Participant: 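Supplied in structure tokens, the structure appears directly below.
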Amino acid sequence: MSEVRVRFAPSPTGFLHIGGVRTALFNWLFARRERGKFILRIEDTDQSRSTEESIQAILEGLRWVGLDWDEGPFRQTERIDLYRQHAITLFERGHAYWCVCSAEELEARRKEAQAKGLAQKYDGRCRERGITTPGGEAALRFKAPQEGQTVIDDLIKGRVVFENILLDDLIILRSNGYPTYNFSVVVDDALMGITHVIRGDDHLTNTPRQIPIFHALGYAVPRFGHLSMIMGSDKARLSKRHGATSILAYKEMGYLPEAMINYLVRLGWSFGDQEIFSVQELIEKFTFDQVQKSAAVFNPDKLLWVNAHYIRQGEPKRIAELLQPFLAQAGLGDEARAMPAGWMERLVMALRERSQTLVEMAQAAVPYLQQDIPIEDEAAEKFLTPAIAPILGHLAERLAALQEFTKPGQEAAFKEVMERAGLKMGQLAQPVRVALTGRAASPGIFEVIDLLGRERTLARLRKGVERAKAARP
RNA sequence: GUCCCCAUCGUCUAGCCUGGCCUAGGACGCCGGCCUUUCAAGCCGGCAACACGGGUUCGAAUCCCGUUGGGGACACCA
């Protein structure tokens, strides 16, 4: 049984987007499950549009989501000679011919054909010219078969049949000596021993163009699997118009890589009713026959839910580490680092049930890290009233008098103050919450006290008393 | 225009291959409730779909044909 070899072959003409990551993920999962190889190949033969920056963004994006590759990254621009050699071989064997039609002529003919409602296909006028050594600019065209059918037994779509009469004589070598996509892919897939070509749906019609090239070159044809596209809420193909589509943008928005993986895999693949999968589980369970044939709409709300799930379930220590850059961005990096060991983990445990992203968590962390906190007007108006001032003052006294500043003592203090004032927990806790955090919503009040510690708790409580006294009745 | 792919709640999907167990299940979101020191989380409940039309069959979400709708491809881009 030969080894499974799959590849992810992005073109570096922009950032790595969500759809690309999903394609890479399905390839990677299949490779890992089959104990095969996952190969990374950069298709940068478009000189004018490829950038080094894009290449780096692709590598960084893949690393972030944990899709490690076994071979590569190979770059097609470093393999140009290989393509030329193969192209010449094809010419020598009579499978290709020189074409001297200019790009302008071709464009004009194409437009004319379109206007007349005819097939937009090369008319083959250079096919029989038998040019052996082109004088000026010339491109090499592949002689596509014009009879019979090309059948694909697709891993996902099933049997797909194309009539060869529809096949165009594709240019395989441009007049500038560079190979075109449909040719370099075939040469690389063949030479790299790719056994399964798993790629986007948009390549399905390229497949019947590529298969004859494999044949002409005398190489084995790999198996193909075409994944459906991911669309935006307007059912149009996902693009910049739909907001963040770069995988790294999600990192910056505070999403966890495992959440991205989990969400993306469920976009088109399923395992019964299960929603949450660890990567290990995915490797064990992933199969192509559970991959959906139809396109899927990207749903940001569900991604958010998955992310919140992983924030809640994650190791507090790790979440705390991942949170650090977001705190730094909020100007609280130094404060966070100054906290005693284990404190950040307690903070994470207190905030994780209320944070859907790390950005949200960083915002929620402000009252516990910042020295002076603003008190939201609406919250103060509602809860820091003159009537509550003496009661808060009393609570501050009781807390200050505690021998040990621990939860049982704090609870006793609250209880005593409540009884004396004839208040219920909610009536006391809300004003305290506003005084301590400046907000009307927060983790449990004793968790807040624990995070703030004795000094800050007492200071903020006293400050709250002043604010309450000064409030309009 | 030509060719190709696709079609279950608003969205992701189970079920379809191997018709009856489907008065179509789960998840996100939404609505209501419970819990409760707030907000969440959690739990319980609700709303909501087999695109349409023919066939095949005792019986079709499931098989076949057509229609409609959506997507993709038709470059010296990838």
Side-chain angles (χ1 to χ4, degrees), chain A residues 9-13 43-46 48-50 76 99 101-103 106-107 110 113-122 137-141 152 154 156-158 160-163 166 168 170-176 178-182 184-185 200-209 226 228-229 231 233 235-237 263 266-276 289-290 292-306 308 312 351-356 364 379 383 414 418 424-430 432-434 437 439-446 448:
Chain A
S11 68
T13 52
E43 310 219 321
D44 54 352
T45 53
D46 184 347
S48 55
R49 296 196 304 152
S50 297
Q76 291 192 320
C99 173
C101 300
S102 74
L106 258 16
E107 179 63 23
R110 196 159 32 239
Q114 192 173 20
K116 288 181 182 168
L118 296 170
Q120 297 172 47
K121 180 176 163 178
Y122 177 62
E137 294 246 307
L140 198 59
R141 275 189 195 271
I152 305 167
D154 196 273
I156 294 157
K157 306 281 186 188
V160 184
V161 181
F162 293 88
E163 295 296 332
L166 267 8
D168 211 345
L170 295 172
I171 286 180
I172 56 178
L173 213 55
R174 293 185 259 242
S175 49
N176 67 5
Y178 274 77
T180 54
Y181 167 75
N182 277 302
S184 53
V185 183
D201 217 346
D202 49 342
H203 287 291
L204 188 54
T205 53
N206 278 327
T207 310
R209 297 181 181 125
H226 289 93
S228 59
M229 308 265 85
M231 300 184 296
S233 52
K235 302 250 179 164
R237 199 171 165 171
Y263 175 72
R266 283 285 291 105
L267 220 49
W269 177 81
S270 61
F271 189 80
D273 286 338
Q274 193 171 340
E275 295 287 350
I276 300 297
D289 45 88
Q290 286 300 323
Q292 195 86 358
K293 291 177 178 178
S294 50
V297 173
F298 182 80
N299 182 350
D301 279 335
K302 187 149 185 183
L303 204 213
L304 215 42
W305 175 78
V306 174
R312 262 180 266 126
L351 301 179
R352 62 181 178 178
E353 275 165 16
R354 313 157 226 263
S355 310
Q356 292 193 291
F383 296 109
F414 266 74
M418 277 156 56
K424 287 187 175 167
M425 184 58 178
Q427 295 169 294
L428 179 60
Q430 276 309 84
V432 172
R433 188 181 321 277
V434 174
T437 68
R439 304 171 182 184
S442 84
I445 202 67
F446 296 108
V448 170

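Chain A is the first sequence line, chain B the second, and so forth, proteins listed ahead of strands; every chain is numbered from 1. Computed from a predicted structure; not experimentally measured.
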Participant: State which residues pass side-chain contact (heavy atoms from CB on, under 4.5 Å) with A:A364; sequence neighbours excluded, sorted by chain then number.
Facilitator: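 With sequence neighbours excluded, A:A364 shows a side-chain contact (heavy atoms from CB on, under 4.5 Å) to A:L351, given in chain and number order.
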Participant: What nucleotide, of B:C39, B:C4, B:C6, holds the atom closest to the side chain of A:K157?
Facilitator: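 Looking only at side-chain atoms, A:K157 lies closest to B:C6.
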Participant: Would you measure the distance from the P atom in B:C44 across to the matching atom in B:C5 and give it in whole Å?
Facilitator: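 Those two atoms are separated by 44 Å.
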Participant: With a 3.5 Å limit on both atom pairs, tell me what B:G45 is paired to, counting Watson-Crick and G-U wobble, or say none.
Facilitator: B:C31
Participant: In whole Å, measure the gap between the C1' atoms of B:C12 and B:G29 for me.
Facilitator: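 It comes out at 11 Å once rounded to the nearest Å.
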Participant: In chain order, what residues pass the salt bridge (charged side-chain N to carboxylate O under 4.0 Å, His left out) check against A:E275, with sequence neighbours excluded?
Facilitator: A:R266, A:K302
Participant: Tell me whether the OP1 or OP2 atom of B:A75 has a side-chain N or O from A:R110 closer than 4.0 Å.
Facilitator: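 It does, given that an N or O in the side chain of A:R110 lies less than 4.0 Å from OP1 or OP2 of B:A75.
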Participant: What's the closest nucleotide to the side chain of A:R354 if the choices are B:A78, B:C76, B:U38?
Facilitator: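 Selected nucleotide: B:U38.
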Participant: Got a sec, which residues hit salt bridge (charged side-chain N to carboxylate O under 4.0 Å, His left out) with A:D44, two or more places apart in sequence or on another chain?
Facilitator: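 For A:D44, no residue satisfies salt bridge (charged side-chain N to carboxylate O under 4.0 Å, His left out) once neighbours in sequence are set aside.
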Participant: Can you sort out the partners of A:D202 under salt bridge (charged side-chain N to carboxylate O under 4.0 Å, His left out), two or more places apart, ordered by chain and number?
Facilitator: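 Testing A:D202 for salt bridge (charged side-chain N to carboxylate O under 4.0 Å, His left out), a comparison that skips the adjacent residues, returns A:R237.
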Participant: For B:A24, which nucleotide is its Watson-Crick or G-U wobble mate, given both distances must be under 3.5 Å?
Facilitator: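 Partner of B:A24: none found under 3.5 Å.
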Participant: Checking base pairs now: Watson-Crick or wobble, both atom distances under 3.5 Å. What partners B:U38?
Facilitator: none
Participant: Under a 3.5 Å cut-off for both contacts, is B:A7 paired Watson-Crick or G-U wobble with anything, and if yes, with which nucleotide?
Facilitator: B:U68
Participant: What nucleotide among B:C4, B:A73, B:A78 has an atom nearest to a side-chain atom of A:Y181?
Facilitator: B:A78
Participant: So which one's nearest nucleotide on RNA chain B is more toward 5', A:A139 or A:A429?
Facilitator: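 In this pair, the answer is A:A429.
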Participant: So which nucleotide does B:C50 pair with, by the Watson-Crick or G-U wobble rule with both distances under 3.5 Å?
Facilitator: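 Here B:C50 is not engaged in any pair, so there is no nucleotide opposite it.
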Participant: For B:G42, take OP1 and OP2 only and decide whether either is under 4.0 Å from a side-chain N or O of A:R312.
Facilitator: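 Result: yes.
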Participant: Sticking with atom C1', work out how far B:G59 lies from B:G19, rounded to a whole angstrom.
Facilitator: 8 Å
Participant: A:Y122 ring centre to A:R141 NZ or CZ under 6.0 Å, with the angle to the axis within 45°?
Facilitator: yes
Participant: Under 3.5 Å for both donor-acceptor distances, Watson-Crick or wobble: does B:U56 have a partner, and if so which one?
Facilitator: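 Base partner found: none.
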Participant: Where the side chain of A:R433 is concerned, which of B:G72, B:U38, B:A78 is the nearest nucleotide?
Facilitator: B:U38
Participant: For nucleotides 63-65 of chain B, list the nitrogen or oxygen atoms of the protein found under 3.5 Å from its nitrogen or oxygen atoms, one pair per line.
Facilitator:
none

Participant: For each nucleotide in nucleotides 10-31 of chain B, reading 5' to 3', give B when a protein heavy atom comes within less than 4.0 Å of its base, S when such contact involves only the sugar-phosphate, and - otherwise.
Facilitator: -BBSS----------BBBB---
Participant: Please check if the side chain of A:D168 supplies one atom and the backbone of A:L170 the other of a donor-acceptor pair under 3.5 Å.
Facilitator: no
Participant: Applying a 3.5 Å limit to both distances, which nucleotide forms a Watson-Crick or G-U wobble pair with B:U2?
Facilitator: B:A73
Participant: Can a donor-acceptor pair be found, under 3.5 Å and without considering hydrogens, that links the side chain of A:S355 to the backbone of A:R352?
Facilitator: no
Participant: Which residues satisfy the side-chain contact (heavy atoms from CB on, under 4.5 Å) test with A:Q120, sequence neighbours excluded?
Facilitator: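 A:Q120 satisfies side-chain contact (heavy atoms from CB on, under 4.5 Å) with A:R110, A:Q114 only.
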Participant: Does A:N206 get its side chain close enough to the base of B:A78, under 3.5 Å, for a donor-acceptor pair?
Facilitator: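 For A:N206, whose side chain was compared with the base of B:A78, there is a donor-acceptor pair (under 3.5 Å).
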Participant: Both A:R209 and A:P12 contact RNA chain B. Which one's nearest nucleotide lies toward the 5' end?
Facilitator: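 Residue closer to the 5' terminus by nearest nucleotide: A:R209.
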Participant: Can you list everything that forms a side-chain contact (heavy atoms from CB on, under 4.5 Å) with A:N206? Sequence neighbours excluded, please.
Facilitator: A:Y181, A:N182, A:H203, A:R209, A:Q210
Participant: Does the structure show a Watson-Crick or G-U wobble partner for B:A61, both distances under 3.5 Å? Name it, or say none.
Facilitator: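 By the stated definition (distances under 3.5 Å), nothing pairs with B:A61.
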Participant: Is a side-chain N or O of A:E43 found less than 3.5 angstrom from the main chain of A:Q76, in a donor-acceptor match?
Facilitator: no
Participant: Measuring to OP1 and OP2 of B:A78, would you say a side-chain N or O of A:T45 lies under 4.0 angstrom away?
Facilitator: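 Yes, A:T45 has a side-chain N/O under 4.0 Å of OP1/OP2 on B:A78.
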Participant: Using atom P in both nucleotides, what's the gap between B:U8 and B:A61 to the nearest angstrom?
Facilitator: 15 Å
Participant: Would you kindly check whether a donor in the side chain of A:S175 faces an acceptor in the base of B:C76, or vice versa, at under 3.5 angstrom?
Facilitator: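 When only heavy-atom distances are counted, A:S175 does reach the base of B:C76 through a donor-acceptor pair under 3.5 Å.
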Participant: With sugar-phosphate meaning primed atoms plus P, OP1 and OP2, does A:T180 contact a base, only sugar-phosphate, or nothing at under 4.0 Å between heavy atoms?
Facilitator: sugar-phosphate
Participant: Among B:A40, B:A78, B:A75, which is the nearest nucleotide to the side chain of A:Q120?
Facilitator: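 Nearest nucleotide to the side chain: B:A75.
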Participant: Taking only residues two or more places apart in sequence, or in another chain, which ones meet A:F271 in a ring pair (Phe, Tyr, Trp, His ring centres under 6.0 Å)?
Facilitator: none
Participant: Using the C1' atom as the reference point in each nucleotide, state the distance between B:A27 and B:C47 in Å, no decimals.
Facilitator: 16 Å
